[in-house]
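Each chain gets a letter, A, B and so on, in the order the sequences are listed, and its residues count up from 1.
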2 protein chains.
Amino acid sequence: MAAKQKDTYKIFTEFLAEQKQRMTNQRELILKTLCKQKKHVTAEQLYEILKKTDKSIGHATVYRTMKLLAEAGIARELNFGEGSVRYEPDTDNTHHDHLVCVDCGENVEFFDEEIEKLQNAIAEKHGYKLQDHSMNLYGTCSKCQEKKSN
Amino acid sequence: MAAKQKDTYKIFTEFLAEQKQRMTNQRELILKTLCKQKKHVTAEQLYEILKKTDKSIGHATVYRTMKLLAEAGIARELNFGEGSVRYEPDTDNTHHDHLVCVDCGENVEFFDEEIEKLQNAIAEKHGYKLQDHSMNLYGTCSKCQEKKSN
DNA sequence: TTTACTATTGATAATGATTTTCATTATGCA
DNA sequence: TGCATAATGAAAATCATTATCAATAGTAAA
Ligand SMILES: [Zn+2]
Ligand SMILES: [Zn+2]
Ligand SMILES: [Zn+2]
Ligand SMILES: [Zn+2]
């Protein structure tokens, strides 16, 4: 864990350096705080959390930094059709997609190698070089199904 | 084609009636215009197109009607991460997902039965009753790959 | 058909998320 | 140390979408 955190810090620093940008206290704090989150957070939610540590941090800095982290491949943007983007840490070897309950928002992360292969095959068939994908499954979780049948 | 259009009109009318809502000239025009589109359009784009026919149509009516069409299962909302929602007609038997070029926006529609099956299996495995999904593959189309290699 | 009721519309204001602007502050290097 | 450049935060601006509301149109009963 400490190792992983150091990794993302290093990755981010190098990413920044590549385009003559600098690591700063704010960026470091945002990275550290994102990595701590158990759930997928919006920039706004992260901002609220960050303010507890750094009273003076600004909205713009959070939004800007999340964009950078996404570009650097450290954060992944998720869009569950809620109107705002959510973020999750996206360290190596942890790719997954999401199964979301349309009633309670509860969600499950899954990885299906077979699907990933098929996606690659589809892209290739059409002459595309695949770079990324988003796959969200929407349904009703068992708890909410029960609630409804009452 | 004439048959299909009559179908969606009927479906929409019945959907509206179910909740004591009415078919109107504006709603009919919006439905007809959506069905004519070859590409996935945003509500704003559709509004611009509609104004050519009905000078007095309002923004709100277009947004409201698109929501209704989506609820009625006649239109499908697509989110390619652009900041605005796109719509496409979603008549029976035409489900598909999208492969989008991140450089030029060109996109291909595809349907992979195997993936659809696997998605169902995943939902089932986690106790979810699957209702919908969105799957977008992002990559570089062959044309843009060439352009880059120059 | 009149009347009374209800739904729809479009202009406009409001909202919410995100981005831009810009003066101020911090950082890295000569 | 001192300049050149990048980053920050407050506030304004933007963009997509939604809510408000008075005016209009459709429906159905009398
Ligand atoms: Zn995946
Ligand atoms: Zn996740
Ligand atoms: Zn599909
Ligand atoms: Zn399509």
Side-chain angles (χ1 to χ4, degrees), chain A residues 9 12-34 40-72 75-87, chain B residues 9 12-34 40-72 75-87:
Chain A
Y9 179 86
F12 195 25
T13 305
E14 284 169 5
F15 170 84
L16 290 168
E18 273 170 30
Q19 44 211 291
K20 53 193 164 87
Q21 288 187 268
R22 301 161 182 165
M23 177 55 87
T24 65
N25 293 335
Q26 288 92 332
R27 285 172 177 171
E28 185 177 348
L29 176 64
I30 292 168
L31 169 59
K32 208 170 65 182
T33 306
L34 170 71
H40 314 110
V41 289
T42 63
E44 183 62 28
Q45 290 173 331
L46 203 53
Y47 168 73
E48 292 299 335
I49 294 164
L50 286 159
K51 267 207 311 198
K52 291 176 192 164
T53 305
D54 179 353
K55 209 79 177 170
S56 74
I57 202 160
H59 257 106
T61 304
V62 178
Y63 277 93
R64 279 188 291 236
T65 304
M66 293 317 295
K67 268 277 151 58
L68 286 172
L69 288 170
E71 282 174 47
R76 205 157 103 96
E77 300 188 337
L78 305 175
N79 194 320
F80 295 155
E82 304 162 303
S84 52
V85 171
R86 289 183 179 273
Y87 290 92
Chain B
Y9 180 85
F12 195 24
T13 305
E14 284 168 5
F15 170 84
L16 290 169
E18 272 170 31
Q19 44 210 291
K20 55 195 162 85
Q21 288 187 266
R22 302 161 181 165
M23 178 55 87
T24 64
N25 292 334
Q26 288 91 332
R27 285 173 178 171
E28 185 177 347
L29 176 64
I30 292 167
L31 169 59
K32 208 170 66 183
T33 307
L34 170 72
H40 314 111
V41 289
T42 64
E44 183 61 28
Q45 290 173 331
L46 202 53
Y47 168 74
E48 292 299 336
I49 294 165
L50 286 158
K51 268 207 310 197
K52 291 176 192 163
T53 305
D54 179 353
K55 209 78 177 172
S56 73
I57 202 161
H59 256 107
T61 302
V62 178
Y63 276 93
R64 279 188 292 235
T65 303
M66 294 317 295
K67 268 277 151 58
L68 286 173
L69 288 169
E71 282 173 47
R76 204 157 104 95
E77 300 188 336
L78 305 175
N79 195 319
F80 295 156
E82 303 162 304
S84 53
V85 171
R86 288 183 180 273
Y87 291 93

Is any side-chain nitrogen or oxygen of [X] closer than 4.0 Å to OP1 or OP2 of [N]?
| X | N | result |
| --- | --- | --- |
| Tyr63(B) | dT18(D) | no |
| Lys20(A) | dA6(D) | yes |
| Ser84(A) | dT18(C) | no |
| Thr24(B) | dT9(C) | yes |
| Thr61(B) | dG10(C) | yes |

Distance check needed: [N] [atom2] versus [X] [atom1], whole Å only.
| X | N | atom1 | atom2 | answer |
| --- | --- | --- | --- | --- |
| Gln21(A) | dA6(D) | CD | P | 8 Å |
| Asn25(A) | dG28(C) | CG | P | 10 Å |
| Leu68(A) | dA6(D) | CG | C1' | 12 Å |
| Glu77(B) | dT17(D) | CD | P | 9 Å |
| Gln26(A) | dA6(D) | CD | P | 17 Å |
| Glu44(B) | dT18(D) | CD | P | 13 Å |
| Gln45(A) | dG16(C) | CD | P | 15 Å |
| Glu82(A) | dA16(D) | CD | P | 20 Å |

* To do: Using the closest heavy atom to pick a nucleotide of DNA chain D for each, name whichever of Tyr47(A) or His59(B) lands nearer the 5' end.
  =>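 Here Tyr47(A) is the residue nearer the 5' end.
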* Asked: In terms of side-chain heavy atoms of Ile57(A), which of dG10(C), dG9(D), dA7(D) is nearest?
  -> dG9(D)
* Asked: Which of these nucleotides, dG9(D), dT19(C), dA7(D), is closest to any side-chain atom of Ser56(A)?
  ->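 Comparing dG9(D), dT19(C), dA7(D) against the side chain of Ser56(A), the answer is dG9(D).
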* Establish whether the base of dT8(D) is bridged to the side chain of Arg64(A) by a donor-acceptor pair shorter than 3.5 Å. =>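 Flag unset: no donor-acceptor pair detected.
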* Classify the side chain of Arg22(A) versus the base of dT27(C) as yes if they form a donor-acceptor pair under 3.5 Å and no if they do not. =>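 Looking at the base of dT27(C), it does pair with a donor or acceptor on the side chain of Arg22(A) (distance under 3.5 Å).
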* Asked: Is Arg86(A) reaching over with its side chain to a backbone N or O of His40(A), donor-acceptor style, under 3.5 angstrom?
  ->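 Yes, because the side chain of Arg86(A) sits within donor-acceptor range (under 3.5 Å) of the backbone of His40(A).
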* **Close side-chain approach of Phe12(B) and Leu69(B), heavy atoms under 4.5 Å** =>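 Yes - at least one pair of side-chain heavy atoms lies under 4.5 Å apart.
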* In Å and rounded to the nearest 0.5 Å, what is the NZ to OG distance from Lys51(A) to Ser56(A)? ->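 Between Lys51(A) NZ and Ser56(A) OG, I get 11.0 Å after rounding to 0.5 Å.
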* To do: Drop me the distance from Asn79(A)'s CG to Asn79(B)'s CG, to the nearest 0.5 angstrom.
  => 4.0 Å
* Does Ala60(B) or Arg27(B) map to a spot on DNA chain C nearer the 5' end, using the closest nucleotide for each? -> Arg27(B)
* **Atom of Ala75(A), atom of Tyr87(A) and distance for their closest heavy-atom approach** =>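 Looking at all heavy atoms of both residues, the shortest contact is CB-CD2, 4.3 Å.
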* For Lys67(B), which contact category applies under a 4.0 Å heavy-atom criterion: base, sugar-phosphate, or nothing? ->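 Answer is sugar-phosphate: Lys67(B) comes under 4.0 Å of backbone atoms only.
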